[in-house]
Amino acid sequence: MRWTQNFIPTMKETPEGAEIPSHVLMLRAGLINQVMAGAYTYLPLGLRSLRKAERIVREQMDAAGAVELLMPAITPLSLWERTGRVEAFGDVLIQFAVRRQNRKVPMALGPTHEEVITDLVSRHLSSYRQMPITLYQIQNKFRNEERPRFGVLRTSEFLMKDAYSFNTSVESLDESYDAMYEAYCRIFDRCGIEYLPVEAESGPIGGDASCEFMIPADNGEDTVAHCPDCGYAANLERAEVGTRDCAPPDVPLDEIKKVDTPEAGTIAQVTALLGCKAEQMIKTLIYMADAQPIAVLLRGDREANEAKIRRAVDAEQIELAEPDVIQKVTGAPVGFAGPVGMAEKIPLWADRDLLRMRNCVTGANEVDTHLTGVNLGRDFQLPDDRFVDLRNADEGDPCPRCSSRLTLRHAIEVGHVFKLGTKYSEALGARFLDAEEQLHPIIMGCYGIGINRILAGLVETSHDKAGIIWPVALAPHEVLLLPMKVTDETTMEATERLYAQLREASIDVLLDDRDARAGVKFNDADLIGIPLRVVIGPRGLKEDKLEIKWRWDSEPEMIALDGAVEQIADLIREERNTAARFRAQRGNAG
RNA sequence: CGGGGCGUGGCGCAGCCUGGCUAGCGCGCCUGCUUUGGGAGCAGGAAGUCGGAGGUUCGAAUCCUCUCGCCCCGACCA
């Protein structure tokens, strides 16, 4: 591909509104163009990278035994009504109705395709002999994001690979799931991405049923807890807190005292007023667990984890109680609840942090009043089995698997493998007959990869001041041929010959044939980030040499013109398969 | 959905508070000459309904009202 025949609108300045590196660089390098909030055009270079990512995904899915199909983006709304996901998705589901003769046909743009594929399978899979099978597609998905942001990371239309496995047993599902997991590792490895498989909120099957593939990045929207020593990694919703450090400190117990705290109903206000630390406070949250009020006790500076609470109390649904319920249950308005002297006897649950807290500050269940010197055991009691992990993990918490401590990192979710179970097969009547002629719902798994996020995540984690640093596998082009002087006949003869021969060798080469100054070309080359830059100029040609430089190296290398094609082709072929140099430089960069 | 910010040639911005001649600047673009190994110099040029609507005024990019769009923080996120 010749630059002058291509459409590569690079920008020297950062467009207003772009803030994070991936967004800025993808815009500046002429990869994407914003059409509206949450919708981008992929320009020629961006599209090439997108297609390369797509191809890697496709190859590995095929290698893992999955079969590709393509479902429509428009779907009948009725399908979503059957699984109750019209409500579940709410405004995120893009709905509309089109007129056909004298009737209206309600539709939705697919935000994911469990319904469509399960409906398909319900019509064509009816025997255990037809399974297991894993089907996938690579398709645009539509979600009306409340707040699209971060360029291509969160958009309302995006390209996703979604796969669905159909199995007759949990054991078979495990196998399909493992195959997908392995395929995902190969995909991200081939892309040269540094990723972390993290435990995610498990589905109806429980156990290790859900894993998210995360790219650690400062601008990631998700937070993962990670143990650098044993490798334990989980998203914040899921991350367990280790059970060490539960013994109380050996300090004398203060007397319990009632203190006035006028209009101090938040942790911040109370700590400011009383001069105590949030760590000394007991935060008392009143939840409705399946319509029954319960109290959840947490250390003042911790965040409640509603998924953990829901599991602990074994409820279908939990939500924070309304103010009138809190008034009735505690005897005080919101902000003054505490475990001592509550108006009603409701079940108390405590995070394990409480076990090592002494002389605490907490609400007195009276308006504008708190208690100090509150101590577990003396002033209030809970059964042993009510002390559980109910909060989000925090930086420095004990690792649940080893003796080390957890760190928190932001991350970009690029993939998710998930054991779904029978939710959709039951709702949509996808059943099979087993060898004993018994009817069962098909057991499903689903497996997604955000193709756009592969690119954004890569750029986010692989760039320098000058621009993007692509691995060969994802780069829009593998080699950039950069003739220093397009008006010089000798230069152009050598360049054209090289260009033709590299193409002949199936190397994906971009020829910067613009009649522009060296500085312009070099800067664009760095910005776009083609991994191997080949400079051909009169200076080198005098010695029958040309210059090659990996994007991540600082110094170029002169190589002989004679045999240059083979040398370059070999380098690219090697790097294409291993990404060894790309990885090595990244290791050095830290 | 709460809080904040921004809309002025293709891109980045100034001007607005304190209304006043042909609305500026940098980059990019076009022409010519000179240059030519890391975003060239000089000269000339094209290009803007100042996001939109309404209002105030002799006069509005500037003041007022409404509206649309975009971005950031938070809430939300199959």
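By convention in this document, chain letters (A, B, ...) are assigned in the order of the sequence lines, proteins followed by strands, and residues within each chain are numbered from 1.
Taking atom P in both B:rC33 and B:rG26, the straight-line distance is 24 Å, to the nearest Å. Taking atom P on both nucleotides, B:rG7 is separated from B:rC13 by 9 Å, rounded to a whole Å. To the nearest whole angstrom, the two P atoms, one in B:rC16 and one in B:rC71, are 28 Å apart. For the P atoms, the distance linking B:rG24 with B:rG45 amounts to 14 Å, nearest Å. B:rA47 and B:rG3: their C1' atoms are spaced 39 Å apart (whole Å). Rounded to whole Å, the separation between the P atoms of B:rC70 and B:rG12 comes to 15 Å. B:rG19 and B:rU57: their C1' atoms are spaced 9 Å apart (whole Å). The separation of B:rC17 from B:rA61, taken at their C1' atoms, amounts to 14 Å, rounded to a whole angstrom.
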**Report entry** Residues A:Asp162, A:Lys141; criterion side chain to side chain contact (heavy atoms under 4.5 Å, CB included); working and verdict
**Finding:** CA-CA 10 Å; A:Asp162 48 324; A:Lys141 299 284 192 266; 2.9 Å; yes
Report task. Walk me through it: do A:Tyr42 and A:Leu455 pass the test side chain to side chain contact (heavy atoms under 4.5 Å, CB included)? Result -> CA-CA 12 Å; A:Tyr42 276 78; A:Leu455 299 194; 4.3 Å; yes
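The side chain of A:Lys12 approaches B:rG39 more closely than any other nucleotide in the set B:rC6, B:rG39, B:rG38. Of the listed nucleotides (B:rC76, B:rG38, B:rC71), B:rC76 has the atom at the smallest distance from the side chain of A:Arg149. When the nucleotides B:rG37, B:rC11, B:rG39 are ranked by their closest atom to the side chain of A:Glu547, B:rG37 comes out on top. Of all nucleotides listed (B:rC70, B:rG38, B:rU35), B:rC70 comes nearest to the side chain of A:Ala37. Across B:rG28, B:rA40, B:rG12, the shortest atom-to-atom separation from the side chain of A:Val520 is found for B:rA40. Residue A:Gln34 places its side chain closer to B:rC70 than to any other of B:rG37, B:rC6, B:rC70. Taking every side-chain heavy atom of A:Arg517 into account, B:rA40 is the closest of B:rG74, B:rA40, B:rG26. The nucleotide whose nearest atom lies closest to any side-chain atom of A:Glu146 is, among B:rA75, B:rC70, B:rG12, B:rA75.
If you take CG of A:Asp512 and C1' of B:rG39, they are 13 Å apart, rounded to a whole angstrom. We find that CE of A:Met160 is positioned 13 Å from C1' of B:rC77, with the value rounded to whole Å. Note: NZ (A:Lys141) to P (B:rC77) measures 21 Å, nearest angstrom. Rounded to a whole Å, the CD1 atom of A:Ile20 is 12 Å from the P atom of B:rC71. Rounding to whole angstrom units, CZ of residue A:Arg147 and P of B:rG2 are separated by 14 Å. Residue A:Glu16 contributes atom CD, which lies 15 Å from atom C1' of B:rG10 at whole-angstrom precision. Atom CG of A:Leu93 and atom P of B:rC77 are 16 Å apart (whole Å). Between the P atom of B:rG12 and the CE atom of A:Met11 lies a distance of 8 Å, rounded to the nearest Å.
One N or O donor and one acceptor, one from the side chain of A:Arg533 and one from the base of B:rG38, sit under 3.5 Å apart.
Summarising the base pairing, B:rA46 is matched to no nucleotide, lacking a Watson-Crick or G-U wobble pair whose two defining distances lie under 3.5 Å. Figure legend. B:rU35 is base-paired to no nucleotide; pairs are counted as Watson-Crick or G-U wobble with both atom distances under 3.5 Å. With a 3.5 Å ceiling on both atom-pair distances, the Watson-Crick or G-U wobble partner of B:rG20 is B:rC58. Pairing partner, B:rC70: B:rG5, with both Watson-Crick or wobble hydrogen-bond distances short of 3.5 Å. The partner of B:rG12 is B:rC25, by the rule that a Watson-Crick or G-U pair needs both atom distances under 3.5 Å.
A donor-acceptor pair is defined here as one N or O able to donate and one able to accept, closer than 3.5 Å; no such pair exists between the side chain of A:Lys283 and the backbone of A:Glu303.
Each of A:Glu13 and A:Asp526 was assigned the nucleotide of RNA chain B with the nearest heavy atom; the assignment lying further toward the 5' end belongs to A:Glu13. Where A:Phe522 and A:Phe150 meet RNA chain B, the nucleotide closest to each residue was compared, and A:Phe522 sits on the side nearer the 5' end.
Within the 4.0 angstrom heavy-atom criterion, no nucleotide atom of any strand lies near A:Glu114. Counting non-hydrogen atoms under 4.0 angstrom, A:Val535 reaches a base of the nucleic acid. Among the heavy atoms of the strands lying under 4.0 Å from A:Gly540 is at least one base atom, whether or not backbone atoms are also near. At a threshold of 4.0 angstrom between heavy atoms, the contacts of A:Thr487 with the nucleic acid are absent. Residue A:Pro15 is classed as a sugar-phosphate contact, given heavy-atom separations below 4.0 Å to backbone atoms only.
Taking the six-membered ring where the residue is Trp, A:Tyr40 and A:His23 present perpendicular rings, their angle passing 60° and hence far from 30°.
Atom CE of residue A:Met26 and atom CG of residue A:Leu45 lie 11.0 Å apart, to the nearest 0.5 angstrom. For the atom pair A:Met444 CE and A:Lys419 NZ, the distance stands at 15.0 Å (nearest 0.5 Å).
Taking the side-chain contact (heavy atoms from CB on, under 4.5 Å) definition, one finds that A:Glu16 meets it with nothing, sequence neighbours left out.
Heavy atoms of other residues, nucleotides or ligands lying less than 6.0 angstrom from NE2 of A:His410 number 12 at most.
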